[in-house]
Asks: 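Sharing a structure below in structure tokens format, with a few things to ask.
Order of appearance sets the numbers: ligands from 1, and atoms from 1 within every ligand.
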Amino acid sequence: MDNFTFYAPTYFAFGKDAENETGKLVKRFGGSKVLIHFGGGSVIRSGLMDRVKASLDAESISYVELGGVMPNPRSGLVYEGIELCKKENVDFVLAVGGGSTIDSAKAIAAGAVYDGDFWDYYEGKPVEKALPVGTILTIAAAGSEGSPDSVITKEEGMFKRGASGEAYRPKFSILNPALTQTLPPYQTACGVTDIMAHLYERYQTNTKDVEVTDRMIEALLLTMIHEAPRVMEDPNNYEARANIMWAGMMAHNNSCGVGRTQDWASHDIEHELSAMYDCAHGAGLAVVMPAVFTYNMKHDVMRYAKVAERVWGCKMDEACPENTAKAGIEAFRNFLCSIGMPKNFEELGAKEEDIEHMAHSACYGNGNTGYVGGFVPLGQKDVEAIYRLML
Ligand code: NZQ
Ligand code: ZN
């Protein structure tokens, strides 16, 4: 196991009606003037917004609002939010929604206390200072509720970039599984896929002897395999929603990723797809992951065979572990199809003629210097070949 430090000081309030604690939590973490940030309106339609405002009112906390965050959040709204925060002397940013809203809120929080262009952070400048951020999560997926990351799409050129820094770690996150019961099945499945992707990205490691984190990842993958079909069958299954929601946080606050190298090739390759075609991040990952795993398999057959055996229940072929590794990738692909995820470029709406451009952008954007992936370094030609596997 490699040396590491781990500091993840988010306060979690989990369970039914937890959103009624919003006002108290904002106060606890020093907020007196709040920007409530939200997406396309699901939180208004569900009645959540009224409860959040009532909770802030009860603590005499004033607020301004900015809605309209789109999935794959855009830089334009971030600039608007920064202006609003400065004009209204906002001292706390509250995200009510999914990963897109939370990521947009984080970007606003950083830009509000920075004299330069917030996009500097998305070109590699570490985020050292931001207004405090709190979240009320409505979809289990991105893990932004416990992560120090944010991903924004720049409208000029439509490319997607990430920024990271401890200042982005939410001060508190409210996780009420019941809030996810209004999700359309497709969004639920996209979330499940993203959570599993965050686990696989960490599982693909070159670090030896990391049994504790291997076993944690395997446990979370097994949980997803058990709970996802239950929630697809009955969207109101609170217990299944609860297990998925906490797994989503655990999958990405890095408790399963410490002390080991990680991959993230699938994410870099996917971000080009969701930026270019505006598909859901999880749907893009469903198409990308089996292709990346197939391409990288020979690098460490036993790693893929191990997850196949322990998680997917494939029988280990001692004479030819490659067969086991392949069976595990196939089982994962079938699972994703069974919950309604796309399996190729066509189903995603992606086009073959864009492959070269996307491969170049993946390898040379986002601070990358010609390669993606920490498991196998993949250059532009490799990434092009991987996109072709998705045709
Ligand atoms: O905008 P509204 O009206 O709220 O509708 C949203 C949106 O259309 C809807 N939704 C969310 N909760 C709902 C609901 N509809 C009904 N009932 C509810 N309870 O779902 C749609 C998708 O929402 P979005 O926030 O985009 O989903 P997700 O959480 O999957 O976020 C995706 C974004 O996160 C980024 C992705 O790249 C993508 O931009 N990621 C962020 C990460 C991070 N910050 O750590 C890591 C991830 O790997 C990922 O890259
Ligand atoms: Zn993701």
Side-chain angles (χ1 to χ4, degrees), residues 8 10 19 37-49 67-75 77-78 95-107 122 127 133 135-154 159-165 168-170 173 175-202 235-236 241 244-245 248-249 251-254 257 262-275 278-286 288-289 366:
T10 302
E19 64 273 19
H37 199 36
F38 60 99
S42 72
V43 299
I44 295 172
R45 290 190 294 278
S46 68
L48 171 61
M49 189 59 94
V69 182
M70 295 160 75
N72 305 316
R74 310 292 153 88
S75 53
L77 195 68
V78 173
V96 188
S100 295
T101 297
I102 299 173
D103 286 2
S104 182
K106 288 176 176 177
Y122 293 76
V127 191
V133 174
T135 86
I136 303 172
L137 186 66
T138 61
I139 170 172
S144 192
E145 68 276 15
S147 86
D149 310 316
S150 156
V151 186
I152 302 290
T153 298
K154 182 88 168 164
F159 52 89
K160 207 173 181 184
R161 297 289 176 260
S164 208
Y168 267 179
R169 193 97 62 173
S173 283
L175 273 55
N176 174 358
L179 298 179
T180 67
Q181 286 171 350
T182 52
L183 276 166
Y186 185 74
Q187 288 298 343
T188 297
C190 287
V192 164
T193 308
D194 194 18
I195 292 168
M196 294 178 87
H198 297 159
L199 295 164
Y200 263 102
E201 296 281 24
R202 292 177 167 90
N236 293 321
R241 293 264 186 207
I244 290 174
M245 200 168 209
M249 200 298 294
H252 201 46
N253 85 332
N254 212 30
Q262 304 177 12
D263 191 23
W264 298 98
S266 297
H267 269 69
D268 279 348
I269 293 171
E270 190 296 310
H271 282 161
E272 299 304 321
L273 293 167
S274 46
D278 210 14
C279 57
H281 171 59
L285 285 167
V288 169
M289 283 188 287
N366 214 16

Asks: Do any N or O atoms from the side chain of Arg161 and from the backbone of Thr153 form a donor-acceptor pair under 3.5 angstrom?
Replies: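 Not at all, since once roles are kept as given, no pair shorter than 3.5 Å links the two residues.
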Asks: Could you check whether any side-chain N or O of Asn254 sits under 3.5 Å from a backbone N or O of Ser147, counting only pairs where one atom can act as donor and the other as acceptor?
Replies: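 No: the side chain of Asn254 does not pair with the backbone of Ser147.
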Asks: Present, as a list of atom pairs with distances to 0.1 Å, all nitrogen or oxygen contacts under 3.5 Å between ligand 1 and the protein.
Replies:
unit_1: ligand 1; atom_1: 1 (O); unit_2: Gly40; atom_2: N; d: 2.7
unit_1: ligand 1; atom_1: 3 (O); unit_2: Gly40; atom_2: N; d: 3.2
unit_1: ligand 1; atom_1: 3 (O); unit_2: Gly41; atom_2: N; d: 3.2
unit_1: ligand 1; atom_1: 3 (O); unit_2: Ser42; atom_2: N; d: 3.0
unit_1: ligand 1; atom_1: 4 (O); unit_2: Ser42; atom_2: OG; d: 2.7
unit_1: ligand 1; atom_1: 12 (N); unit_2: Thr138; atom_2: O; d: 3.3
unit_1: ligand 1; atom_1: 12 (N); unit_2: Thr138; atom_2: OG1; d: 2.8
unit_1: ligand 1; atom_1: 17 (N); unit_2: Thr182; atom_2: OG1; d: 2.8
unit_1: ligand 1; atom_1: 19 (N); unit_2: Thr138; atom_2: O; d: 3.0
unit_1: ligand 1; atom_1: 19 (N); unit_2: Leu179; atom_2: O; d: 2.9
unit_1: ligand 1; atom_1: 19 (N); unit_2: Thr182; atom_2: OG1; d: 3.2
unit_1: ligand 1; atom_1: 25 (O); unit_2: Gly99; atom_2: N; d: 3.2
unit_1: ligand 1; atom_1: 25 (O); unit_2: Ser100; atom_2: N; d: 3.0
unit_1: ligand 1; atom_1: 25 (O); unit_2: Ser100; atom_2: OG; d: 3.4
unit_1: ligand 1; atom_1: 26 (O); unit_2: Ser100; atom_2: OG; d: 2.5
unit_1: ligand 1; atom_1: 29 (O); unit_2: Gly99; atom_2: N; d: 2.7
unit_1: ligand 1; atom_1: 31 (O); unit_2: Ser100; atom_2: N; d: 3.4
unit_1: ligand 1; atom_1: 37 (O); unit_2: Lys160; atom_2: NZ; d: 2.8
unit_1: ligand 1; atom_1: 39 (O); unit_2: Lys160; atom_2: NZ; d: 3.3
unit_1: ligand 1; atom_1: 44 (N); unit_2: Asp103; atom_2: OD1; d: 2.8
unit_1: ligand 1; atom_1: 44 (N); unit_2: Asp103; atom_2: OD2; d: 3.1
unit_1: ligand 1; atom_1: 44 (N); unit_2: Ser144; atom_2: OG; d: 3.2
unit_1: ligand 1; atom_1: 44 (N); unit_2: Asp149; atom_2: O; d: 3.1
unit_1: ligand 1; atom_1: 45 (O); unit_2: Ser147; atom_2: OG; d: 2.9
unit_1: ligand 1; atom_1: 45 (O); unit_2: His252; atom_2: NE2; d: 3.1
unit_1: ligand 1; atom_1: 48 (O); unit_2: His198; atom_2: NE2; d: 2.7
unit_1: ligand 1; atom_1: 48 (O); unit_2: His267; atom_2: NE2; d: 2.8
unit_1: ligand 1; atom_1: 48 (O); unit_2: His281; atom_2: NE2; d: 3.2
unit_1: ligand 1; atom_1: 50 (O); unit_2: His271; atom_2: NE2; d: 3.1
unit_1: ligand 1; atom_1: 50 (O); unit_2: His281; atom_2: NE2; d: 3.3

Asks: Would you say Asp103 and Ser144 are linked by a side-chain donor-acceptor pair, where the criterion is simply a distance under 3.5 Å?
Replies: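 Short answer, yes.
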Asks: Has Arg241 got a side-chain atom pairing as donor or acceptor with Pro235's backbone, closer than 3.5 angstrom?
Replies: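 The answer is yes, because a donor-acceptor pair under 3.5 Å joins these two groups.
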Asks: Quick check: does His198 put an N/O/S atom under 2.8 Å from the Zn ion (ligand 2)?
Replies: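 Yes, His198 qualifies, because one of its backbone or side-chain N, O or S atoms lies under 2.8 Å.
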Asks: Strictly distance-based, threshold 3.5 Å: is any side-chain N or O of Ser104 a donor or acceptor partner for the main-chain N or O of Thr101?
Replies: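 No, because the side chain of Ser104 does not come within donor-acceptor range (under 3.5 Å) of the backbone of Thr101.
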Asks: Tell me every residue that passes side chain to side chain contact (heavy atoms under 4.5 Å, CB included) with Ala163, counting only those two or more places apart in sequence or in another chain.
Replies: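 For Ala163 the side chain to side chain contact (heavy atoms under 4.5 Å, CB included) partners, ignoring immediate neighbours, are Tyr121, Tyr122, Val127, Tyr168.
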Asks: When you measure from the Zn ion (ligand 2) to each N, O or S atom of Asp194, which atom gives the shortest distance?
Replies: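 It is OD1 of Asp194.
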Asks: Using the side-chain contact (heavy atoms from CB on, under 4.5 Å) rule, pick out the option among Val69, Leu48, Thr138, Val43 that qualifies with Phe38.
Replies: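 That would be Val43.
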